[in-house]
Amino acid sequence: MTTHTSRRRFLGSAAALPLAAAFSNGCATPLAPASPPFPKGVVNIGVSSYSFWHFREPKVSIAQVIDQAAGMGAAGVDILHRQLEGEDNATLQSLKQRAFRAGLALNCLSIHQDFVDPDPAVRAAQVEHTLRCIEIAYRLGIPCIRLNTGRWGTSKDFDELMANKGIEPVLPGCTEEQGFQWVVECIEKCLPRAAECGVMLALENHWGLSRTPEGHLKLLGMVKSPWFGALMDTGNFLESPYEKLAAIAPKTVFVQAKTYGGGGEWYTLDLDYHRIARILADAGYRGWVSLEFEGRESPSTAVPRDLGMLRAAFGG
């Protein structure tokens with residue numbers, strides 16, 4: 001018998017031992033994990049394209065964001081839907097290729113939709129918009145989209161909404177409970193497409209019915225699906241943020257981490273990211289943390305600095 005033949009027989013016998021043990025009692029026995037679990041609290045750190053463009057001219061393209069984010073050491077990019085250069089397949093595939101060549105994951109598509117409206121036709125149009133965005137995410141290879149509840153629209157503009165800390169009156173003739181029901185019905189209409197495309201629907205603690213942890217958790221409890229979860233925006237609870245972030249942490253599937261270098265566009269919060277990292281680690285969070293820079297400083301200096309800060313806090 002040659003040495004090579006002996007080695008092959010030995011290796012084949014050794015490889016078969018775990019299988020023989022697993023089936024020795026006539027049924028399969030789960031094998032032990034091949035490696036120990038990942039260290040608690042280590043996550044991937046990416047950046048939102050919003051960090052480079054706060055809805056003012058000149059518009060920064062997603063292609064530009066991908067190039068800049070790669071140069072700054074981000075691991076992924078969370079794309080703001082309104083920032084896309086186009087929705088045709090050629091544009092989307094070009095962006096996916098660009099990110100791949102840069103070594104970046106495209107991890108979330110943050111969309112704007114509004115399910116809080118008494119007109120069924122308006123809500124139906126918003127559902128169609130959301131379904132289209134699920135398809136866009138699918139074409140880009142993105143596994144998650146950011147949803148809002150929408151809001152009542154009784155504020156004159158966003159500046160007034162922010163001046164009132166995100167609080168606005170219910171639309172005359174409507175009730176808050178109706179708003180919750182509209183949101184649930186719309187999300188449920190989107191879930192079959194989300195499951196088919198493998199895209200999580202992540203509801204942000206944004207302005208509107210998810211402005212408080214109570215409202216956010218109510219909606220998360222009303223919709224029963226493994227394709228639905230919470231998106232935690234660390235900057236959207238203006239008072240007692242840590243207690244509120246801890247309340248939604250167990251339901252969280254994606255995190256957008258706000259920073260405010262140079263002073264915030266609308267307000268500034270002094271957030272302790274080591275404390276937030278502990279909150280998420282204690283909840284068993286293993287997903288992405290995406291920097292969402294919302295300050296007046298240039299992103300060319302703020303984003304790389306804040307990415308480093310988040311890495312230090314989260315161990316990513």
Side-chain angles (χ1 to χ4, degrees), residues 48-50 53 55 59 62 78-92 95 108-140 142-161 166 168-211 215-216 218-220 222-225 227-231 233 236 253-254 256:
S48 167
S49 68
Y50 171 70
W53 180 65
F55 302 106
K59 189 174 184 178
I62 298 301
D78 164 17
I79 293 177
L80 184 65
H81 173 245
R82 289 182 179 177
Q83 209 168 342
L84 279 172
E85 296 93 308
E87 297 181 5
D88 61 283
N89 192 56
T91 298
L92 300 179
L95 290 174
C108 185
L109 181 68
S110 289
I111 76 169
H112 289 82
Q113 35 61 239
D114 192 333
F115 296 146
V116 182
D117 196 289
D119 187 341
V122 171
R123 297 198 302 274
Q126 292 295 302
V127 168
E128 285 303 312
H129 167 70
T130 305
L131 294 175
R132 188 176 80 251
C133 288
I134 291 171
E135 293 284 351
I136 290 170
Y138 176 70
R139 287 177 180 271
L140 283 168
I142 291 174
C144 175
I145 68 171
R146 185 281 305 270
L147 298 181
N148 303 309
T149 62
R151 53 190 183 86
W152 294 106
T154 51
S155 300
K156 179 178 66 177
D157 52 31
F158 193 72
D159 290 335
E160 180 179 291
L161 181 71
E168 63 178 1
V170 174
L171 198 65
C174 300
T175 67
E176 191 172 73
E177 195 55 42
Q178 282 179 306
F180 278 103
Q181 196 58 48
W182 295 333
V183 173
V184 169
E185 289 172 359
C186 289
I187 291 173
E188 288 178 341
K189 289 177 181 177
C190 298
L191 282 167
R193 185 74 56 82
E196 180 184 359
C197 292
V199 175
M200 288 289 299
L201 304 183
L203 183 69
E204 184 178 344
N205 55 314
H206 205 261
W207 320 115
L209 298 178
S210 61
R211 185 187 65 82
H216 200 193
K218 179 175 180 176
L219 288 163
L220 291 164
M222 292 173 75
V223 179
K224 309 293 186 184
S225 171
W227 293 100
F228 181 63
L231 188 149
D233 187 309
N236 283 353
V253 297
F254 195 85
Q256 291 175 334

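We use all heavy atoms of the structure for the numbers below, so side chains are in, but hydrogens, waters and symmetry mates are not.
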Taking only residues two or more places apart in sequence or in another chain, which ones pass salt bridge (Lys or Arg N to Asp or Glu O under 4.0 Å) with Asp233?
Lys258
Tell me whether the rings of Tyr50 and Phe55 are parallel (<30°), tilted (30 to 60°) or perpendicular (>60°).
tilted
Answer yes or no: is there a side-chain heavy-atom contact under 4.5 Å between Ser110 and Ile79?
no
Whether the side chain of Asp114 engages the backbone of Val116 through a donor-acceptor N/O pair (distance < 3.5 Å, no angle test) should be reported.
yes
Quick check: are there more than 12 heavy atoms from other residues, nucleotides or ligands sitting under 6.0 Å from CD of Glu176?
no
Are any non-hydrogen side-chain atoms of Pro143 and Val199 less than 4.5 angstrom apart?
no
Would you kindly say whether Glu168 and Ser155 are connected by a side-chain donor-acceptor distance under 3.5 Å?
yes
Flag, side chain of Thr91 to backbone of Gly86, donor-acceptor distance under 3.5 Å
no
With Gln126, which residues qualify under side-chain hydrogen bond (donor to acceptor under 3.5 Å, both in side chains), at least two apart?
none
Measuring centre to centre across the rings, with the benzene-like ring taken for any Trp, is His81 within less than 6.0 Å of His129?
yes
Could you list all the salt bridge (Lys or Arg N to Asp or Glu O under 4.0 Å) pairs where at least one residue sits in residues 196-211, not counting sequence neighbours?
Arg146-Glu204
Is any side-chain N of the basic residue among Glu188 and Lys224 closer than 4.0 Å to the acidic one's carboxylate O?
no
Spatial distance of atom CZ (Arg123) from atom CD (Glu185) [nearest 0.5 Å]:
6.5 Å
